[in-house]
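Below, chain A is the first sequence line, B the second, and so on; all start at residue 1. Side-chain atoms are counted along with the backbone in the values below, which use heavy atoms only and exclude waters and symmetry mates. Predicted model only: the values in this text are computed from it and were never measured.
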Amino acid sequence: MKSSGSRPGAAPGRAAAPGRAAALGETALSRVVVPGSVAEAVTVQEELRPLVDLVGPGPSAPATVAGLDVAYGQGGDLLAAAVTVLDAGTLEVVDSAVSVGEPAFDYVPGLFAFRELPALLTALDRLSVLPDLLVCDGHGLAHPRRFGLACHLGVVTGLPAIGVGKTPLVGTWDPPAAERGAWSPLRDGGDVVGRVLRTQDGVKPVFVSVGHRMGLENATARVLALAQRYRLPETTRTADRLSRDALASAEQTD
DNA sequence: GCGACAG
DNA sequence: ATCTTGTCGC
(Lines give C-alpha, C1' and ligand atoms only; values in the text may rest on other atoms or scores of the structure.)
Protein backbone atom coordinates (compact mmCIF):
# COMPACT_ATOMS: atom_id res chain seq x y z
CA MET A 1 0.00 0.00 0.00
CA LYS A 2 1.29 3.42 -0.85
CA SER A 3 1.14 6.43 1.36
CA SER A 4 2.31 9.71 -0.04
CA GLY A 5 1.40 12.65 2.11
CA SER A 6 -1.12 14.61 0.09
CA ARG A 7 -2.21 11.63 -1.98
CA PRO A 8 -3.50 8.80 0.20
CA GLY A 9 -5.41 7.27 -2.66
CA ALA A 10 -3.37 4.73 -4.56
CA ALA A 11 -5.93 4.15 -7.28
CA PRO A 12 -7.09 6.31 -10.20
CA GLY A 13 -10.09 8.60 -10.13
CA ARG A 14 -12.83 6.01 -10.49
CA ALA A 15 -13.42 2.40 -9.70
CA ALA A 16 -13.19 0.16 -12.72
CA ALA A 17 -16.59 -1.04 -13.86
CA PRO A 18 -16.13 -3.86 -16.35
CA GLY A 19 -19.13 -4.57 -18.48
CA ARG A 20 -21.01 -7.37 -16.79
CA ALA A 21 -24.63 -7.88 -16.05
CA ALA A 22 -25.12 -5.48 -13.17
CA ALA A 23 -27.57 -6.40 -10.47
CA LEU A 24 -27.20 -2.91 -9.10
CA GLY A 25 -27.17 -1.18 -12.44
CA GLU A 26 -24.06 0.55 -13.66
CA THR A 27 -24.88 3.57 -11.56
CA ALA A 28 -23.63 2.16 -8.29
CA LEU A 29 -20.16 1.29 -9.51
CA SER A 30 -19.72 4.37 -11.64
CA ARG A 31 -20.75 6.71 -8.85
CA VAL A 32 -17.92 5.59 -6.63
CA VAL A 33 -15.31 8.29 -6.57
CA VAL A 34 -11.92 7.42 -5.13
CA PRO A 35 -10.51 10.73 -3.86
CA GLY A 36 -6.94 11.73 -4.49
CA SER A 37 -6.51 13.42 -1.12
CA VAL A 38 -7.98 13.69 2.34
CA ALA A 39 -9.44 17.09 1.54
CA GLU A 40 -11.17 15.76 -1.55
CA ALA A 41 -12.51 12.78 0.37
CA VAL A 42 -14.09 15.07 2.94
CA THR A 43 -15.64 17.12 0.14
CA VAL A 44 -17.13 14.01 -1.42
CA GLN A 45 -18.71 13.05 1.89
CA GLU A 46 -20.19 16.49 2.38
CA GLU A 47 -21.64 16.39 -1.13
CA LEU A 48 -23.24 12.99 -0.66
CA ARG A 49 -24.48 13.48 2.87
CA PRO A 50 -27.66 15.36 1.85
CA LEU A 51 -28.69 12.33 -0.21
CA VAL A 52 -29.09 10.15 2.86
CA ASP A 53 -32.69 9.18 3.61
CA LEU A 54 -33.12 8.97 7.36
CA VAL A 55 -36.89 8.91 7.24
CA GLY A 56 -37.16 5.25 6.41
CA PRO A 57 -38.79 3.50 8.07
CA GLY A 58 -37.21 0.74 6.00
CA PRO A 59 -38.31 -2.86 5.61
CA SER A 60 -39.68 -4.33 8.86
CA ALA A 61 -39.86 -7.79 7.36
CA PRO A 62 -37.13 -8.03 4.72
CA ALA A 63 -36.99 -11.30 2.78
CA THR A 64 -33.23 -11.17 2.43
CA VAL A 65 -30.50 -9.35 4.34
CA ALA A 66 -26.91 -8.92 3.24
CA GLY A 67 -23.78 -8.84 5.37
CA LEU A 68 -20.60 -7.14 4.11
CA ASP A 69 -17.07 -7.44 5.39
CA VAL A 70 -13.46 -7.19 4.26
CA ALA A 71 -10.33 -9.11 5.28
CA TYR A 72 -6.78 -7.86 4.78
CA GLY A 73 -3.54 -9.66 4.14
CA GLN A 74 0.07 -9.15 3.09
CA GLY A 75 0.58 -6.13 5.26
CA GLY A 76 -2.40 -4.40 3.75
CA ASP A 77 -1.60 -4.74 0.04
CA LEU A 78 -4.29 -7.30 -0.52
CA LEU A 79 -7.92 -7.41 0.52
CA ALA A 80 -10.92 -9.63 0.01
CA ALA A 81 -14.41 -8.15 0.17
CA ALA A 82 -17.32 -10.49 0.77
CA VAL A 83 -21.08 -10.19 0.70
CA THR A 84 -23.40 -12.87 1.98
CA VAL A 85 -27.14 -12.79 1.49
CA LEU A 86 -29.22 -14.51 4.16
CA ASP A 87 -32.83 -15.54 4.21
CA ALA A 88 -34.11 -13.17 6.90
CA GLY A 89 -36.31 -15.86 8.36
CA THR A 90 -33.98 -18.86 8.57
CA LEU A 91 -30.71 -16.92 8.54
CA GLU A 92 -29.40 -19.38 5.99
CA VAL A 93 -27.01 -18.09 3.34
CA VAL A 94 -28.81 -18.05 0.00
CA ASP A 95 -26.22 -16.21 -2.09
CA SER A 96 -22.75 -14.75 -1.80
CA ALA A 97 -19.95 -13.11 -3.74
CA VAL A 98 -16.38 -11.94 -3.22
CA SER A 99 -13.94 -9.52 -4.78
CA VAL A 100 -10.19 -9.57 -4.27
CA GLY A 101 -8.17 -6.42 -4.78
CA GLU A 102 -6.17 -3.67 -3.14
CA PRO A 103 -7.26 -1.01 -0.64
CA ALA A 104 -8.43 2.02 -2.59
CA PHE A 105 -7.34 4.54 0.05
CA ASP A 106 -5.16 4.72 3.12
CA TYR A 107 -6.94 4.11 6.40
CA VAL A 108 -8.00 7.39 7.95
CA PRO A 109 -10.59 7.45 10.74
CA GLY A 110 -13.68 9.05 9.25
CA LEU A 111 -12.65 8.23 5.69
CA PHE A 112 -12.70 4.51 6.14
CA ALA A 113 -15.36 3.94 3.49
CA PHE A 114 -13.12 4.99 0.62
CA ARG A 115 -10.85 2.10 1.45
CA GLU A 116 -13.36 -0.71 1.05
CA LEU A 117 -16.16 0.74 -1.07
CA PRO A 118 -14.88 -0.22 -4.54
CA ALA A 119 -14.27 -3.85 -3.59
CA LEU A 120 -17.55 -4.14 -1.69
CA LEU A 121 -19.52 -2.75 -4.62
CA THR A 122 -17.82 -5.10 -7.03
CA ALA A 123 -18.81 -8.01 -4.80
CA LEU A 124 -22.37 -6.69 -4.52
CA ASP A 125 -22.54 -6.42 -8.28
CA ARG A 126 -21.65 -10.10 -8.57
CA LEU A 127 -24.66 -11.25 -6.57
CA SER A 128 -27.56 -12.88 -8.32
CA VAL A 129 -29.95 -12.01 -5.51
CA LEU A 130 -30.38 -8.31 -4.75
CA PRO A 131 -30.84 -8.06 -0.95
CA ASP A 132 -33.58 -5.98 0.70
CA LEU A 133 -31.20 -4.62 3.32
CA LEU A 134 -27.47 -4.06 3.82
CA VAL A 135 -25.87 -4.65 7.22
CA CYS A 136 -22.46 -2.99 7.16
CA ASP A 137 -19.40 -3.60 9.28
CA GLY A 138 -18.87 -0.04 10.49
CA HIS A 139 -20.94 3.04 11.28
CA GLY A 140 -23.60 4.97 9.44
CA LEU A 141 -24.68 8.29 10.94
CA ALA A 142 -22.46 7.73 13.96
CA HIS A 143 -19.69 9.51 12.10
CA PRO A 144 -17.98 12.93 12.43
CA ARG A 145 -19.78 14.22 9.32
CA ARG A 146 -22.77 11.88 9.65
CA PHE A 147 -21.71 9.90 6.62
CA GLY A 148 -20.04 6.64 7.55
CA LEU A 149 -19.63 3.52 5.43
CA ALA A 150 -23.24 2.42 5.85
CA CYS A 151 -24.55 5.77 4.58
CA HIS A 152 -22.13 5.74 1.69
CA LEU A 153 -23.05 2.21 0.65
CA GLY A 154 -26.73 2.98 1.01
CA VAL A 155 -26.65 6.16 -1.06
CA VAL A 156 -24.54 4.63 -3.80
CA THR A 157 -26.64 1.47 -4.13
CA GLY A 158 -29.98 3.01 -3.24
CA LEU A 159 -30.61 0.13 -0.85
CA PRO A 160 -31.69 0.40 2.80
CA ALA A 161 -28.58 0.13 4.98
CA ILE A 162 -27.63 -0.21 8.64
CA GLY A 163 -24.27 0.30 10.29
CA VAL A 164 -23.12 -2.03 13.06
CA GLY A 165 -19.81 -1.16 14.66
CA LYS A 166 -17.88 -3.17 17.23
CA THR A 167 -16.17 -0.11 18.69
CA PRO A 168 -17.14 3.59 18.81
CA LEU A 169 -15.93 6.28 16.42
CA VAL A 170 -17.77 9.25 17.88
CA GLY A 171 -20.22 9.98 20.66
CA THR A 172 -20.91 9.45 24.33
CA TRP A 173 -23.28 7.04 26.02
CA ASP A 174 -24.26 5.36 29.24
CA PRO A 175 -23.78 1.61 29.55
CA PRO A 176 -27.03 -0.15 28.60
CA ALA A 177 -28.58 -2.64 31.05
CA ALA A 178 -27.05 -6.11 31.00
CA GLU A 179 -29.95 -7.84 29.31
CA ARG A 180 -30.10 -8.60 25.60
CA GLY A 181 -32.21 -5.95 23.90
CA ALA A 182 -31.23 -3.18 26.29
CA TRP A 183 -29.84 -0.04 24.70
CA SER A 184 -28.85 3.54 25.38
CA PRO A 185 -28.69 6.50 23.00
CA LEU A 186 -25.38 7.32 21.35
CA ARG A 187 -25.06 11.10 21.34
CA ASP A 188 -22.65 13.35 19.49
CA GLY A 189 -22.72 17.11 19.16
CA GLY A 190 -26.26 17.33 20.43
CA ASP A 191 -27.55 14.66 18.04
CA VAL A 192 -28.65 11.13 18.73
CA VAL A 193 -26.56 9.39 16.08
CA GLY A 194 -27.23 5.79 17.03
CA ARG A 195 -27.71 3.27 19.83
CA VAL A 196 -25.40 1.23 21.99
CA LEU A 197 -27.19 -2.10 21.85
CA ARG A 198 -26.76 -5.18 23.99
CA THR A 199 -27.31 -8.16 21.71
CA GLN A 200 -26.49 -10.84 24.32
CA ASP A 201 -26.85 -10.92 28.10
CA GLY A 202 -23.74 -9.61 29.82
CA VAL A 203 -21.81 -9.25 26.57
CA LYS A 204 -20.14 -6.09 25.30
CA PRO A 205 -22.66 -4.05 23.28
CA VAL A 206 -22.48 -3.08 19.60
CA PHE A 207 -22.99 0.35 18.04
CA VAL A 208 -25.99 0.58 15.75
CA SER A 209 -26.69 3.52 13.47
CA VAL A 210 -28.83 4.31 10.47
CA GLY A 211 -27.20 4.07 7.08
CA HIS A 212 -29.87 4.87 4.52
CA ARG A 213 -33.64 4.51 4.10
CA MET A 214 -34.00 3.24 7.67
CA GLY A 215 -35.25 4.45 11.02
CA LEU A 216 -33.19 3.90 14.17
CA GLU A 217 -35.96 1.92 15.85
CA ASN A 218 -36.24 -0.43 12.90
CA ALA A 219 -32.48 -0.73 12.59
CA THR A 220 -32.31 -1.81 16.22
CA ALA A 221 -34.99 -4.44 15.68
CA ARG A 222 -33.29 -5.78 12.56
CA VAL A 223 -29.93 -6.14 14.32
CA LEU A 224 -31.48 -7.93 17.27
CA ALA A 225 -33.27 -10.31 14.92
CA LEU A 226 -29.96 -11.11 13.26
CA ALA A 227 -28.08 -11.58 16.54
CA GLN A 228 -30.08 -14.40 18.10
CA ARG A 229 -27.10 -16.32 19.38
CA TYR A 230 -23.95 -14.25 19.11
CA ARG A 231 -22.88 -10.71 19.80
CA LEU A 232 -22.59 -9.81 16.12
CA PRO A 233 -25.35 -10.16 13.52
CA GLU A 234 -25.26 -13.45 11.62
CA THR A 235 -24.80 -11.41 8.44
CA THR A 236 -21.52 -9.99 9.69
CA ARG A 237 -20.32 -13.39 10.87
CA THR A 238 -20.94 -15.14 7.57
CA ALA A 239 -19.42 -12.30 5.55
CA ASP A 240 -16.40 -12.25 7.86
CA ARG A 241 -15.78 -15.96 7.35
CA LEU A 242 -16.21 -15.72 3.61
CA SER A 243 -13.81 -12.78 3.29
CA ARG A 244 -11.15 -14.62 5.28
CA ASP A 245 -11.54 -17.73 3.17
CA ALA A 246 -11.37 -15.74 -0.05
CA LEU A 247 -8.25 -13.98 1.18
CA ALA A 248 -6.59 -17.26 2.10
CA SER A 249 -7.31 -18.69 -1.34
CA ALA A 250 -5.99 -15.57 -3.03
CA GLU A 251 -2.77 -15.64 -1.00
CA GLN A 252 -1.83 -19.20 -1.91
CA THR A 253 -3.47 -20.11 -5.20
CA ASP A 254 -3.13 -16.88 -7.08
C1' DG B 1 -0.41 21.26 22.96
C1' DC B 2 -1.99 16.22 23.92
C1' DG B 3 -4.87 12.29 23.06
C1' DA B 4 -8.67 9.76 20.38
C1' DC B 5 -9.57 7.72 16.24
C1' DA B 6 -15.07 2.53 12.33
C1' DG B 7 -11.81 -1.40 9.92
C1' DA C 1 -7.74 -4.64 10.04
C1' DT C 2 -3.47 -7.67 11.36
C1' DC C 3 0.55 -9.31 14.39
C1' DT C 4 0.32 -13.42 18.43
C1' DT C 5 0.39 -17.51 23.73
C1' DG C 6 -1.94 -18.93 26.86
C1' DT C 7 -6.15 -19.43 29.35
C1' DC C 8 -10.97 -19.76 30.97
C1' DG C 9 -15.33 -22.03 29.93
C1' DC C 10 -19.27 -24.42 27.55
Side-chain angles (χ1 to χ4, degrees), chain A residues 1-3 8-10 34-35 38 41-42 44-45 48-49 52 67-83 98-121 123 134-155 161-173 186-189 191 193-197 199-212 219 223 229-233 235-248 250-251:
Chain A
M1 129 180 81
K2 294 98 184 117
S3 51
V34 177
V38 165
V42 171
V44 169
Q45 293 185 325
L48 294 179
R49 188 168 63 75
V52 173
L68 305 87
D69 196 20
V70 176
Y72 294 82
Q74 292 300 137
D77 274 357
L78 191 66
L79 66 72
V83 182
V98 300
S99 171
V100 175
E102 293 177 19
F105 205 80
D106 283 348
Y107 172 68
V108 179
L111 301 179
F112 167 64
F114 294 105
R115 194 171 169 72
E116 308 187 334
L117 213 53
L120 285 172
L121 286 169
L134 264 34
V135 176
C136 311
D137 198 37
H139 301 100
L141 293 179
H143 174 279
R145 288 171 293 283
R146 308 291 181 264
F147 196 73
L149 174 65
C151 297
H152 210 140
L153 268 169
V155 166
I162 297 174
V164 179
K166 295 180 284 294
T167 61
L169 172 59
V170 297
T172 58
W173 68 95
L186 176 60
R187 296 192 175 81
D188 183 54
D191 307 322
V193 298
R195 286 180 181 175
V196 181
L197 175 67
T199 55
Q200 296 298 323
D201 291 4
V203 171
K204 185 202 301 185
V206 297
F207 298 76
V208 178
S209 60
V210 167
H212 185 55
V223 172
R229 176 162 188 192
Y230 299 98
R231 178 196 177 215
L232 297 177
T235 38
T236 299
R237 293 168 48 78
T238 53
D240 178 74
R241 273 180 297 178
L242 180 57
S243 67
R244 288 176 196 272
D245 290 347
L247 180 66
E251 287 184 318

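- Applying the side-chain contact (heavy atoms from CB on, under 4.5 Å) rule to A/Asp245 yields no partners; only residues at least two apart in sequence or on another chain are considered.
- Taking a pair as Watson-Crick or G-U wobble with both distances under 3.5 Å, DNA chain C contains no run of three or more consecutive pairs.
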**Prompt:** Does the side chain to side chain contact (heavy atoms under 4.5 Å, CB included) test come out yes or no for A/Val38 and A/Leu111, once each step is laid out?
**Reply:** CA-CA 8 Å; A/Val38 165; A/Leu111 301 179; 3.8 Å; yes

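- The side chain to side chain donor-acceptor pair (under 3.5 Å) contacts involving residues 138-148 of chain A comprise A/Gln45-A/Arg145, A/Arg146-A/Asp188, A/Arg146-A/Asp191, where partners must be two or more places apart or lie in separate chains.
- By the side-chain hydrogen bond (donor to acceptor under 3.5 Å, both in side chains) test, A/Thr238 is found to be paired with A/Thr84, residues two or more places apart in sequence or in another chain being considered.
- Between A/Val210 and A/Cys151, the shortest heavy-atom distance links the atoms O-SG, 3.8 Å.
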Per-nucleotide protein contact along nucleotides 1-7 of chain B, 5' to 3', at a 4.0 Å heavy-atom cut-off (B base, S sugar-phosphate only, - neither), is ----BBB

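- In this structure, CZ on A/Arg229 lies 8.5 Å from CZ on A/Arg237, to the nearest 0.5 angstrom.
- A/Leu121 CG to A/Leu68 CG: the interatomic distance, rounded to the nearest 0.5 Å, is 9.0 Å.
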Next on the checklist: Please evaluate residues A/Tyr72 and A/Glu116 with respect to the criterion side-chain hydrogen bond (donor to acceptor under 3.5 Å, both in side chains), reporting the C-alpha separation (whole Å), side-chain torsions for both, the decisive distance (0.1 Å), and the verdict.
Outcome noted: CA-CA 10 Å; A/Tyr72 294 82; A/Glu116 308 187 334; 2.7 Å; yes

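- Applying the side-chain contact (heavy atoms from CB on, under 4.5 Å) test to A/Val155 and every residue at least two apart in sequence or in another chain returns A/Leu51, A/Val52, A/Phe147, A/His212.
- The ring pair (Phe, Tyr, Trp, His ring centres under 6.0 Å) check on A/Phe207 picks up A/Trp173, with sequence neighbours excluded.
- The two residues A/Leu197 and A/Val208 make their nearest non-hydrogen contact at CD2-CG2, 3.9 Å.
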The dot-bracket string of DNA chain B, counting Watson-Crick and G-U wobble pairs with both distances under 3.5 Å, using [ ] for crossing pairs and | for pairs to another strand, is .......

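- Think of the region where chain A sits on DNA chain C: with heavy atoms and a 4.0 Å cut, that region ends 5' and 3' at C/dA1 to C/dT2.
- From A/Leu153, atom CG reaches atom SG of A/Cys136 across 4.5 Å, with rounding to the nearest 0.5 Å.
- The minimum heavy-atom distance between A/Ala161 and A/Gly154, with the atom names listed, is CB-CA, 4.0 Å.
- DNA chain B is contacted by no residue of residues 199-209 of chain A, taking any non-hydrogen atom closer than 4.0 Å.
- Annotation: side-chain contact (heavy atoms from CB on, under 4.5 Å) contacts of A/Val98 (sequence neighbours excluded): A/Ala82, A/Leu242, A/Ala246.
- For residues 163-173 of chain A, the salt bridge (charged side-chain N to carboxylate O under 4.0 Å, His left out) pairs, not counting sequence neighbours, are A/Asp137-A/Lys166.
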